[in-house]
There are 2 protein chains.
Amino acid sequence: MDIAKLCKEKGLRLTGARRVIMQVLADTKDHPDAIELHRRVTMIDPGIAIATVYRTLNLLQEKGVLEKHVFNDGRARFESAEQAHHDHLIDVETGDVIEFRSDEIERLQEEIARRHGFEIVSHRLEIYVRPLRGSRGRKEGETP
Amino acid sequence: MDIAKLCKEKGLRLTGARRVIMQVLADTKDHPDAIELHRRVTMIDPGIAIATVYRTLNLLQEKGVLEKHVFNDGRARFESAEQAHHDHLIDVETGDVIEFRSDEIERLQEEIARRHGFEIVSHRLEIYVRPLRGSRGRKEGETP
DNA sequence: TTAATTGCAAATGGTTTGCATCCCC
DNA sequence: GGGGATGCAAACCATTTGCAATTAA
């Protein structure tokens, strides 16, 4: 992602704080909350306030660059809105978040909304799971 | 629901505050947050503190009587765990919450979890929707 | 220049907790 | 009587905001 270009497109000033925050976001593969992001950001520039992290996150969400999720712990987490839509599998024992996508579920949701007289604005599907006894987190495609 | 019996089963004392709070919960058809519940509870007994409402709610959740949901506004909402499982359709324009259930989606979720080497502990599916243009919230079974 | 952005600290809003008192069992 | 339950107020924690100082364009 070209940070300079993105800022220009969205009419945002490319400041030092934003450069750092957006770089951390770009390097992020997991689903950190604002406090964890601030922790990572201050490792690069200790002068950046958490208020700036929140303001940047909210700004990017409003501009459609990020998506905000609130899981059951009540804290907000952010992830890039650019990637293809997906849902989350959350391991309740470790807190790990695994992304997945099911076109069939997507289709069924559309159908349900329509049947009730609505159109979908967005949705969230979170499946809270624990490893199968006798299994060790077998991955997609592996055979039992 | 027999409140006295429920308390005895769960080893809880049947106090005045609990009687009122559980009665309000039993009479509730919508999905109020703790503050709204406290509002309703204090209409019956103005002396009940919001701390007691929170303590009772958390207690009933631990005992498996209630389920806790945190929607995108960050506030916790509670509903009886006894009723059949269902998911939520949330009208973004009015905040209305509509319950629905899709056995097919349930089945697909099981399959996805299993394929990743997990078993499901619980899940949440929330579809944020808006009324279809030209429709007025047509209900299940009605024809266009 | 000058309006947007930031840091700081104080304010918010939902939720939890310490403690003295109260009251079911 | 005694330990669980309650009310109150203070504490918590994530998030937001007012404001003066800073800075990108």
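Excluded from the calculations below are hydrogen atoms, water molecules and symmetry mates; all remaining heavy atoms, backbone and side chain alike, are included.
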Practice problem: Select from B:A76 and B:R13 the residue whose nearest nucleotide in DNA chain C is closer to the 5' end of that strand. | Solution: B:A76

Self-check item: Between D:dT16 (C1') and A:L59 (CG): distance, integer Å
Solution: 14 Å

Practice problem: Can you tell me the distance, in whole Å, between the NE2 atom of A:H38 and the C1' atom of C:dG7? | Solution: 10 Å

Quiz item: Does B:Y54 make a side-chain N or O approach to OP1 or OP2 of C:dT15 shorter than 4.0 Å?
Solution: yes

Quiz item: Is there a side-chain polar atom (N or O) of B:R18 under 4.0 Å from OP1 or OP2 of D:dG4?
Solution: no

Exercise. Just call it for B:L14: base, sugar-phosphate, or nothing, with non-hydrogen atoms closer than 4.0 Å on any strand.
Key: sugar-phosphate

Quiz item: Over its full length, what angle do the end axes of the helix from C:dT1-D:dA25 to C:dC25-D:dG1 make, each axis taken from five pairs and the result rounded to 10 degrees?
Solution: 30°

Exercise. Can you see which heavy atom on B:T28 is nearest to which on B:P32, and at what distance?
Key: CG2-CD, 3.5 Å

Quiz item: Do A:D27 and A:Q23 have a side chain donor and acceptor closer than 3.5 Å?
Solution: yes

Practice problem: Under 4.0 Å between any heavy atoms, over every strand shown, what does A:A17 touch: base, sugar-phosphate, or nothing? Just pick one. | Solution: sugar-phosphate

Quiz item: What nucleic acid atoms does B:I35 come within less than 4.0 Å of, heavy atoms only: base, sugar-phosphate, or nothing?
Solution: sugar-phosphate

Self-check item: Rounded interatomic separation in angstrom, taking CD1 from B:I50 and P from C:dG13
Solution: 13 Å

Practice problem: Starting from P on C:dT15, measure out to CG on B:L37 and report it in whole angstrom. | Solution: 11 Å

Quiz item: Just wondering, more than 12 heavy atoms not from B:K10 lying within 6.0 Å of its NZ?
Solution: yes

Quiz item: With sugar-phosphate meaning primed atoms plus P, OP1 and OP2, does B:R55 contact a base, only sugar-phosphate, or nothing at under 4.0 Å between heavy atoms?
Solution: base

Quiz prompt | Nearest-neighbour nucleotide for the B:L12 side chain, D:dT15, C:dT16, D:dA5 considered | solution = D:dA5

Quiz prompt | Interatomic distance where CG belongs to B:L57 and P belongs to C:dT15 [whole Å] | solution = 9 Å

Quiz item: Could you give the CD-to-P distance, from B:E62 to D:dG4, as a whole number of Å?
Solution: 15 Å

Quiz item: Is any side-chain nitrogen or oxygen of A:T52 closer than 4.0 Å to OP1 or OP2 of C:dT5?
Solution: no

Self-check item: Side-chain N,O (B:N58) to OP1/OP2 (C:dT16) below 4.0 Å
Solution: yes

Self-check item: Check: A:R130 side chain, A:V92 main-chain N or O, donor-acceptor pair, under 3.5 Å
Solution: no

Quiz prompt | Main-chain N/O of B:E106 paired with B:R101 side-chain donor or acceptor, under 3.5 Å | solution = no

Quiz prompt | Separation of C:dA4 P from A:K10 NZ (nearest whole Å) | solution = 19 Å

Quiz item: Which atoms form the tightest heavy-atom contact between B:I3 and B:R19, and what is the distance?
Solution: CD1-O, 4.0 Å

Quiz prompt | Separation of atom CZ in A:R19 from atom C1' in D:dT23, rounded to whole Å | solution = 12 Å

Quiz item: What does B:G16 touch in the nucleic acid at a heavy-atom separation under 4.0 angstrom: a base, only the sugar-phosphate, or nothing?
Solution: nothing

Quiz item: Is any side-chain nitrogen or oxygen of A:T15 closer than 4.0 Å to OP1 or OP2 of C:dA4?
Solution: no

Self-check item: Test side chain to side chain contact (heavy atoms under 4.5 Å, CB included) applied to A:L57 and A:Q61, step by step
Solution: CA-CA 6 Å; A:L57 253 18; A:Q61 191 212 347; over 6 Å; no

Quiz item: Checking ring-ring contact (aromatic ring centres under 6.0 Å, His included) against A:H69, which of A:H31, A:H88, A:H86, A:H123 comes through?
Solution: A:H88

Exercise. Assign A:D33 to base, sugar-phosphate, or nothing according to its heavy-atom contacts below 4.0 angstrom with the strands shown.
Key: nothing

